[in-house]
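Note on naming: letters A, B, ... go to the chains in the order of the sequence lines (proteins, then strands), and numbering restarts at 1 for each one.
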Amino acid sequence: MRELEMSNTLLDWYDRHARDLPWRVSPSDRAAGVCPDAYRVWLSEIMLQQTTVAAVKSYYERFTSLWPSVTALASAEDAQVMGEWAGLGYYARARNLLKCARVVAENYGGRFPETAESLQKLPGVGPYTSAAISAIAFDAPEVVVDGNVERVIARMFAIRTPLPAAKPEIKERAAKLTPVTRPGDYAQAVMDLGATVCTPRSPACGICPWMTACAARKLGIQAELPAKTPKKPKPTRRGTAYVVRRADGAWLLERRPDKGLLGGMLGWPGSEWSETPVPAPPLEAPWQKLSAEARHTFTHFHLRLDVEVAVVPASTQPEIGEFIPKEDFKPTELPTVMRKVFDLAKEKLQNLN
DNA sequence: TACGCGTGGTA
DNA sequence: TTACCAAGCGT
């Protein structure tokens, strides 16, 4: 199949099978001249980095409802944005989201630049996201390559080189397929194909619009591709989290530094997380160690946290962190590992409500 | 180039 | 239970 025939075949498939997503303009609306709002495209693309559509949907609805425009988001309080992002993960995205919104509001008059080259200069916007925004929001013929596209292309051309070494070859192949007409729909079509048909495990080759052109399928190796360089094993780290409740119901919390793990997020005071952590209670108190531990797995290590709880007098002044009044404390604003600690500790401390 | 950086679903 | 995986970026 020629390149033009392939892209047309996929666009026909997309016209019939495009998923209905909150941030998407349907192919029929697009044909009628409707353009997606660059702010919404950008917001969705940042949220979708390494994150599933199912996880993103409710966050996207909440963010667009609270902040309908990039200028509105630029004016938001850091703490509120971090709190709304809690649970979605990769918190550097939220910090860069705010930075980017403020750059667009202050340096670009609230309008996103249209070229991938300009977009990639913005915080948190890399090669994939810049191309995706330019293609989807402005219909520019950019080559959009994400994990889905890598998988589809690696299979289509039976590229056996493991990722990430195969990226340049994949990008070349993807570039030759990218059409000049409807590049925004085409970019979303390849990603939809990867997400719904050319899936990582047990791809549905029988219903694939590109079935006859696929080299991996001819060889029967589609499920083995793309090859990946093996991952390192995850070590286990340990630590202790301290949950303090003041007699008036306030909770002792600490804002983590902007850089590093869970940067900028609220959390419980605690020891370092390491193979042999040193206990580090935030204040003197009659500590009670819980029998259960909080378990959580991050990208590169497993964590097992002991949880110690204490109730302290209403007059207690914190040396570390800050007492948050009970009416201001929202567990949903905690990153998931900290919410797990809370869920273990709350039964022992809830009698102060 | 390789690593640090979250979370929830799935097999 | 464990390992793998998902619309990557910054350093």
Practice task
For B:dG8 and C:dC9, measure between their P atoms and round to the nearest Å.
Solution key: 22 Å
Handout entry: P atoms of C:dC4 and B:dC3, separation to the nearest Å
Key = 16 Å
Problem - Cation-aromatic face contact A:R173/A:W210, 6.0 Å, 45 degrees - result: no
Practice task
Salt-bridge test for A:E3 and A:K176: reply yes if a basic N is under 4.0 Å from a carboxylate O, no otherwise.
Solution key: no
Problem - Under the ring-ring contact (aromatic ring centres under 6.0 Å, His included) test, residues paired with A:H17 that sit two or more places apart - result: A:W13
Practice task
Under 4.0 Å between any heavy atoms, over every strand shown, what does A:R95 touch: base, sugar-phosphate, or nothing? Just pick one.
Solution key: nothing
Problem - Nearest-angstrom distance from the residue atom CG of A:L163 to P of B:dA2 - result: 13 Å
Practice task
Let me know, please, whether A:K231 or A:V125 comes out on the 5' side of the other along DNA chain C by nearest nucleotide.
Solution key: A:K231
Problem - Carboxylate-amine/guanidinium proximity below 4.0 Å for A:D20 and A:R24 - result: no
Exercise for the section: Please determine if a side-chain N or O atom of A:T336 lies less than 4.0 Å away from the OP1 or OP2 oxygen of B:dG8. Expected result: yes
Exercise for the section: Round to the nearest Å and state the distance from A:N96 atom CG to C:dG8 atom C1'. Expected result: 12 Å
Handout entry: Spacing between A:R151 atom CZ and C:dC5 atom C1', to the nearest angstrom
Key = 9 Å
Practice task
Quick one: label A:I133 by what it contacts on the DNA or RNA (base, sugar-phosphate, nothing), any heavy atom closer than 4.0 Å.
Solution key: nothing
Exercise for the section: Take atom CH2 of A:W85 and atom P of B:dC5, then tell me their distance rounded to the nearest Å. Expected result: 18 Å
Practice task
Among Ile, Leu, Val, Met, Phe, Trp and Tyr joined by side-chain contacts under 4.5 Å, find the other residues sharing a cluster with A:I221 and list them by chain and number.
Solution key: A:L219, A:L225
Exercise for the section: Rounded to the nearest angstrom, tell me the gap between atom CG in A:L122 and atom P in C:dG10. Expected result: 10 Å
Practice task
Remember a base hit wins even if backbone is also touched, and classify A:G87 as base, sugar-phosphate or nothing at under 4.0 Å, heavy atoms.
Solution key: sugar-phosphate
Problem - A:E293 with A:R295: basic N within carboxylate O range, under 4.0 Å - result: yes
Exercise for the section: Return the value, rounded to whole Å, for the distance between atom NZ of A:K234 and atom P of C:dT1. Expected result: 16 Å
Fill in the blank from the handout: Rounded to whole Å, the CH2-P distance (A:W273 to B:dG4) equals 15 Å
Handout entry: Pairwise 5' ranking along DNA chain B for A:K340 and A:A165, keeping only the more 5' one
Key = A:A165
Handout entry: DNA chain B contacts made by residues 42-59 of chain A, counting heavy atoms under 4.0 Å
Key = A:Q50, A:T51
Problem - Nearest-nucleotide 5' precedence on DNA chain C, A:A195 against A:K259 - result: A:A195
Problem - Distance test, side-chain N/O of A:H300 to OP1/OP2 of B:dC5, below 4.0 Å - result: yes
